[in-house]
S.K.: 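Have a look at the structure that comes next, please.
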Amino acid sequence: MRLDSVPPVSTRARILEVAAQLVAESPDGEISTRAVCEAAQVGAPALYRHFGDKEGLLSAVVDHGFDAYLATKRERGDTTDPVEDLRNGWDSHVDFALRNPNLYRLMNSPAMRTPPGSAIEAHRILTHDLERAAAQGKLRVAPELAAQMIMSATTGVALMLVSRPVTFPDVGMSARVRDAVHAAVFTADVSPGTPVETAVPSAAATLGALLRRSHGSGLSTAESALMTEWLDRVSNAER
């Protein structure tokens with residue numbers, strides 16, 4: 001390919017690449033828009049025109065950094081065992097955090113008033129796998145509650161490992177927390193001898209997932225919404 005045929009890098013892409021590099025190299029993950037402009041050789045108006053403000057820039061940096069990670073999940077395809085997919089998903093999440101500590105802290109910073117698109121997509125992928133598990137009768141609770149439990153636990157473990165390595169030096173802790181959370185979320189196959197306090201919520205979670213997949217199964221939109229609410233309430237009830 002001739003050099004003069006290579007398209008020039010856009011101003012937006014250059015700013016984004018520079019900002020991502022500065023975040024990765026920063027001792028604490030903090031960067032200034034002035035430093036980004038100087039490194040990218042652009043004026044402040046160009047940065048604000050493309051990203052709106054500093055938060056918009058940082059949100060774009062997070063999405064840029066997480067894109068390759070999420071691509072592996074998008075292209076993975078569903079296996080026949082959603083529980084194993086979820087175990088692997090937990091491990092890859094924590095591994096990514098350990099390899100990209102500044103980016104991970106930035107993604108979960110309270111200063112980010114609007115969740116980056118990558119965080120929303122990661123939650124959607126997690127919920128999809130949990131809906132598959134529920135449809136197979138493997139969930140104790142509704143998929144949305146299970147997603148909240150798993151995501152908060154995974155994020156908590158990852159943040160402690162990258163932010164408090166002296167206090168949390170054992171990376172193997174992640175697997176122990178994973179197994180404890182999964183034991184609370186997943187259930188063994190329901191058999192005739194399964195206690196009712198376990199069998200009923202699990203059956204409700206399964207039926208709720210199947211109802212969502214079948215788009216109501218002949219029920220009206222209002223009836224389907226009400227039935228789903230009841231099933232979620234049963235599956236999420238304190239036991």
Side-chain angles (χ1 to χ4, degrees), residues 1-76 89-128 147-148 150-169 171 174:
M1 180 183 293
R2 291 171 50 193
L3 292 179
D4 58 4
S5 68
V6 177
V9 176
S10 70
T11 300
R12 186 183 190 280
R14 186 166 72 254
I15 295 172
L16 197 53
E17 289 288 349
V18 165
Q21 183 176 354
L22 290 176
V23 166
E25 295 174 351
S26 170
D28 55 7
E30 287 290 326
I31 62 172
S32 69
T33 54
R34 180 177 179 179
V36 172
C37 289
E38 289 178 352
Q41 298 182 326
V42 299
L47 185 150
Y48 293 119
R49 182 170 64 253
H50 286 287
F51 300 99
D53 55 17
K54 182 178 179 179
E55 183 179 345
L57 171 63
L58 294 179
S59 181
V61 167
V62 169
D63 287 337
H64 174 72
F66 271 71
D67 188 62
Y69 165 69
L70 289 175
T72 63
K73 292 183 174 294
R74 299 183 197 113
E75 298 166 1
R76 178 201 66 199
W90 177 299
D91 293 343
S92 65
H93 184 117
V94 173
D95 179 66
F96 181 88
L98 292 171
R99 289 186 288 106
N100 303 272
N102 284 349
L103 183 66
Y104 192 79
R105 283 193 292 264
L106 177 60
M107 180 178 186
N108 294 284
S109 170
M112 301 286 282
R113 297 185 299 274
T114 302
S118 52
I120 296 172
E121 183 177 358
H123 189 86
R124 180 186 59 76
I125 293 171
L126 171 62
T127 302
H128 170 71
Q148 293 172 1
I150 291 176
M151 185 61 77
S152 59
T154 313
T155 303
V157 167
L159 282 174
M160 289 301 98
L161 290 174
V162 302
S163 301
R164 302 285 186 273
V166 175
T167 308
F168 297 88
V171 177
S174 173

S.K.: For the CZ atom of Phe51 and the CG atom of Leu58, what is their distance to the nearest 0.5 Å?
M.R.: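 Rounded to the nearest 0.5 Å, the CZ-CG separation comes to 10.0 Å.
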
S.K.: Arg34: what forms a side chain to side chain donor-acceptor pair (under 3.5 Å) with it, not counting sequence neighbours?
M.R.: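 By the side chain to side chain donor-acceptor pair (under 3.5 Å) rule, Arg34 matches Glu38.
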
S.K.: Among His123, Met107, His64, find the residue that satisfies the side chain to side chain contact (heavy atoms under 4.5 Å, CB included) test when tested with Ser118.
M.R.: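 Running side chain to side chain contact (heavy atoms under 4.5 Å, CB included) over His123, Met107, His64 with Ser118 returns exactly one hit, Met107.
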
S.K.: Which residues satisfy the side chain to side chain donor-acceptor pair (under 3.5 Å) test with Ser174, sequence neighbours excluded?
M.R.: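 Counting only residues at least two positions away or on another chain, Ser174 forms a side chain to side chain donor-acceptor pair (under 3.5 Å) with Trp90.
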
S.K.: For Ala39 and Val18, work out which heavy atoms get closest and say how close.
M.R.: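 Heavy-atom minimum between the residues: CB-CG1, 3.3 Å.
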
S.K.: Is it true that a side-chain atom of Ser26 and a backbone atom of Val23 form a donor plus acceptor pair closer than 3.5 Å?
M.R.: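 Judged by distance alone, no pair lies under 3.5 Å.
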
S.K.: Listing request: all salt bridge (Lys or Arg N to Asp or Glu O under 4.0 Å) pairs with a residue in residues 91-106, at least two apart in sequence or in separate chains.
M.R.: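 Salt bridge (Lys or Arg N to Asp or Glu O under 4.0 Å) check on residues 91-106 returns Asp91-Arg178, Asp95-Arg99.
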
S.K.: Just how far is it from atom NE2 of His93 to atom OG1 of Thr155, taken to the nearest 0.5 Å?
M.R.: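 These two atoms lie 4.5 Å from each other.
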
S.K.: Going by side chain to side chain donor-acceptor pair (under 3.5 Å), name the residues that satisfy it together with Thr127, two or more places apart in sequence or in a different chain.
M.R.: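 Listed in chain order: nothing, the list is empty.
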
S.K.: Distance check, rounded to the nearest 0.5 Å: Ile125 atom CD1 versus Ile120 atom CD1?
M.R.: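 These two atoms lie 12.5 Å from each other.
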
S.K.: Ser152: which residues meet the side-chain contact (heavy atoms from CB on, under 4.5 Å) condition with it, sequence neighbours left out?
M.R.: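 Testing Ser152 for side-chain contact (heavy atoms from CB on, under 4.5 Å), a comparison that skips the adjacent residues, returns none.
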
S.K.: Could you pull out all residues at least two apart from Glu30 that satisfy side chain to side chain donor-acceptor pair (under 3.5 Å)?
M.R.: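 Applying side chain to side chain donor-acceptor pair (under 3.5 Å) to Glu30 gives none.
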
S.K.: First locate atom CD1 of Ile31, then atom NZ of Lys54, and finally report the distance between them rounded to the nearest 0.5 Å.
M.R.: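 Rounded to the nearest 0.5 Å, the CD1-NZ separation comes out at 6.5 Å.
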
S.K.: Taking C-beta and beyond as the side chain, do Tyr104 and Leu98 meet within less than 4.5 Å on heavy atoms?
M.R.: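 They are not in side-chain contact.
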
S.K.: For Thr11 and Ala46, work out which heavy atoms get closest and say how close.
M.R.: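 Closest heavy-atom pair between Thr11 and Ala46: CG2-CB, 4.5 Å.
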
S.K.: How close do Gly117 and Asp63 get, counting heavy atoms only, and between which atoms?
M.R.: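 Heavy atoms of Gly117 and Asp63 come nearest at N-OD1, 3.2 Å.
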
S.K.: Within this structure, what is the CG-CD distance for the pair Leu126 and Gln148, rounded to the nearest 0.5 Å?
M.R.: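 If I round to the nearest 0.5 Å, the distance is 10.5 Å.
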
S.K.: Tell me the closest heavy-atom pair linking Val162 and Pro101, and the distance in Å.
M.R.: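 Taking every non-hydrogen atom into account, CB-CB, 4.0 Å.
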
S.K.: For Cys37 versus Leu47, what's the shortest heavy-atom pair and its separation?
M.R.: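 Looks like SG-CD1, 3.8 Å.
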
S.K.: Within the distance-only criterion (no hydrogens, no angle test), does the side chain of Asn100 pair as donor or acceptor with the backbone N or O of Gly65 below 3.5 angstrom?
M.R.: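 Such a contact is absent between Asn100 side chain and Gly65 backbone.
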
S.K.: Any non-hydrogen side-chain atom of Val157 less than 4.5 Å from a side-chain atom of Leu161?
M.R.: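 Side chain of Val157 against side chain of Leu161, heavy atoms only: contact under 4.5 Å found.
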
S.K.: Any ion pair linking Glu121 and Arg124 (charged N to carboxylate O, less than 4.0 Å)?
M.R.: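 Salt bridge: yes.
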
S.K.: At their closest point, which heavy atom of Ala19 faces which heavy atom of Leu57, and how far apart are they?
M.R.: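 Closest approach of Ala19 to Leu57: CB-CD1, 4.0 Å.
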
S.K.: Enter the distance from Asp53:CG to Ser59:OG here, rounded to the nearest 0.5 Å.
M.R.: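 If I round to the nearest 0.5 Å, the distance is 9.5 Å.
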
